[in-house]
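First the proteins, then the strands, lettered A, B, ... as listed; each starts at 1.
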Amino acid sequence: MIINLMPEKLQPDFFTRDVLDVAPDILGCYLVRNFGKETRPYQISEVEIYRGEEDSGCHVSRGKTKRTEVMYRDGGLVYVYLIYGMHWMLNIVTGMKDQPQALLIRGVQGFNGPGKLTKEMQIDSSFYGENLCGSNRIWIEKNPQRKGTIEKLPRIGIDYARKEDRERLWRLKWVDRG
DNA sequence: AGCAAGATCGGT
DNA sequence: CCGATCTTGCTG
């Protein structure tokens with residue numbers, strides 16, 4: 001019996017699916033960051049879905065701009081932007097080309113809050129467009145032991161969005177069970 | 001060219 | 001509740 005103990009790095013076909021399908025699957029997986037000196041895994045515990053130009057809470061709701069351009073590409077890339085002049089937000093682009101959508105990483109084990117985890121992981125503008133399937137500084141690994149339940153909640157901080165979009169249960173929290 | 005607002009956070 | 005702090009996108 002051969003047991004595969006090698007960590008399984010997520011490939012493009014994982015990310016090019018619709019964000020609604022990727023979101024529940026990515027919870028519990030490891031976001032791995034190689035700092036050069038050492039490599040550290042961060043288990044993903046909370047994500048938020050941003051889906052298409054029709055989603056008034058999503059940055060692409062006003063079309064393609066220089067900032068949002070990466071969301072229009074094939075899934076598997078990183079979308080980062082600075083908010084309030086001080087916090088970097090880390091997003092994972094999903095879906096196929098011209099299907100603009102992304103997952104905001106809102107929490108990893110030990111660090112809750114999108115601004116806090118990017119500070120910990122040292123994520124900045126240099127990660128814009130980084131390919132998670134080809135980068136040597138950041139990637140995502142499957143968690144074979146992954147067992148848990150998913151809590152669905154409204155998104156945070158999008159008061160400007162339409163009521164219908166504000167109320168979508170597009171914030172997913174991972175409740176570990178093993 | 002100028003301006004208002006922002007997918008946040010930490011301190012009162 | 002408020003300020004920090006600066007990029008972005010919109011307006012003119």
Side-chain angles (χ1 to χ4, degrees), chain A residues 10 14-31 33 40 42-132 138 140 150-175:
Chain A
L10 297 182
F14 177 92
F15 301 103
T16 53
R17 295 175 296 150
D18 190 287
V19 68
L20 294 174
D21 298 319
V22 178
D25 290 353
I26 211 168
L27 288 170
C29 290
Y30 295 104
L31 184 54
R33 176 82 171 88
R40 288 210 279 263
Y42 298 90
Q43 191 176 31
I44 299 171
S45 59
E46 187 173 349
V47 296
E48 229 167 52
I49 294 165
Y50 287 91
R51 187 172 184 270
E53 295 181 345
E54 292 68 42
D55 173 10
S56 64
C58 184
H59 287 163
V60 299
S61 62
R62 289 185 224 278
K64 190 192 284 189
T65 64
K66 188 183 173 194
R67 179 177 64 155
T68 62
E69 170 272 327
V70 72
M71 275 203 266
Y72 287 80
R73 300 200 241 156
D74 270 326
L77 305 180
V78 168
Y79 167 44
V80 283
Y81 64 92
L82 186 66
I83 192 67
Y84 300 112
M86 57 187 88
H87 305 293
W88 291 102
M89 299 290 103
L90 171 63
N91 296 254
I92 309 303
V93 175
T94 62
M96 308 279 280
K97 178 177 156 58
D98 292 326
Q99 191 182 351
Q101 42 181 236
L103 282 173
L104 169 65
I105 307 297
R106 223 173 221 299
V108 294
Q109 200 171 54
F111 302 91
N112 296 321
K116 285 191 272 188
L117 69 92
T118 53
K119 186 180 177 188
E120 158 65 24
M121 297 180 71
Q122 298 171 35
I123 302 294
D124 58 27
S125 65
S126 73
F127 282 81
Y128 184 93
E130 190 88 351
N131 186 348
L132 291 166
I138 191 167
I140 300 180
I150 294 171
E151 200 176 342
K152 297 185 175 187
L153 303 157
R155 291 178 291 179
I156 294 174
I158 52 162
D159 295 348
Y160 52 82
R162 288 196 311 262
K163 176 169 151 68
E164 150 189 36
D165 289 324
R166 265 177 310 173
E167 293 178 348
R168 292 184 196 285
L169 302 181
W170 279 1
R171 178 159 57 100
L172 275 53
K173 286 183 83 166
W174 179 246
V175 184

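- Applying the salt bridge (Lys or Arg N to Asp or Glu O under 4.0 Å) test to every pair with at least one member in residues 66-80 of chain A, sequence neighbours left out, gives these pairs: A:Glu69-A:Arg73.
- Put simply, CG on A:Leu77 and OH on A:Tyr72 are 15.0 Å apart, with the number rounded to the nearest 0.5 Å.
- Counting heavy-atom neighbours within 6.0 Å of A:Arg62 CZ, excluding the residue itself, gives a total of 12 or less.
- For A:Gln99 (side chain) and A:Met96 (main-chain N/O), a donor-acceptor pair under 3.5 Å exists by modelled atom type.
- Every ring-ring contact (aromatic ring centres under 6.0 Å, His included) that A:Tyr81 has, sequence neighbours left out, goes to A:His59, A:Tyr79.
- Of all non-hydrogen atoms in A:Glu53 and A:Gly63, the two that sit nearest each other are OE2-CA, 3.8 Å.
- Ionic pairing of A:Arg168 and A:Asp55 is not present here: no N-O contact between side-chain nitrogen and carboxylate oxygen is shorter than 4.0 angstrom.
- Residues A:Leu103 and A:Asn91 have side chains not in contact (no heavy-atom distance under 4.5 Å, counting atoms from C-beta outward).
- Between A:Arg106 and B:dT8, a side-chain N or O to OP1/OP2 separation shorter than 4.0 Å is present.
- In DNA chain B, runs of at least 3 consecutive Watson-Crick or G-U pairs, each pair with both distances below 3.5 Å, span B:1-6 with C:6-11, B:8-11 with C:1-4.
- A distance of about 22 Å separates the P atoms of C:dT5 and B:dG2, rounded to the whole Å.
- Non-hydrogen atoms lying under 4.0 Å from DNA chain C are contributed by nothing in residues 150-163 of chain A.
- Of all the residues in residues 50-58 of chain A, A:Tyr50, A:Gly57 reach under 4.0 Å from DNA chain B with at least one non-hydrogen atom.
- Checking A:Lys173, A:Met89, A:Lys116, A:Arg171 one by one against A:Arg106, the side-chain contact (heavy atoms from CB on, under 4.5 Å) holds for a single residue, A:Arg171.
- With A:Thr65 contributing its side chain and A:Thr68 its backbone, the two residues share a donor-acceptor pair below 3.5 Å.
- At a cut-off of 3.5 Å, with distance as the only test, a side-chain donor of A:Gln101 or A:Thr94 sits close to an acceptor on the other residue.
- Closest approach of A:Ile158 to A:Arg155, counting heavy atoms only: CD1-NE, 3.6 Å.
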- With B for base contact, S for sugar-phosphate-only contact and - for none (protein heavy atoms under 4.0 Å), nucleotides 2-12 of chain C reads --BBBSSSS--
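- Across the protein-nucleic acid pair, A:Leu172 atom CG and B:dA7 atom C1' stand 15 Å apart, rounded to whole Å.
- Rounded to an integer number of Å, the gap from A:His59 NE2 to B:dG6 P is 10 Å.
- Atom pair A:Asp165:CG and B:dA7:P shows a separation of 14 Å (rounding to whole Å applied).
- Contact record, A:Ser125 with A:Trp88: CB-CH2, 3.4 Å, taken as the closest heavy-atom pair.
- Between A:Lys116 and B:dG10, a side-chain N or O to OP1/OP2 separation shorter than 4.0 Å is present.
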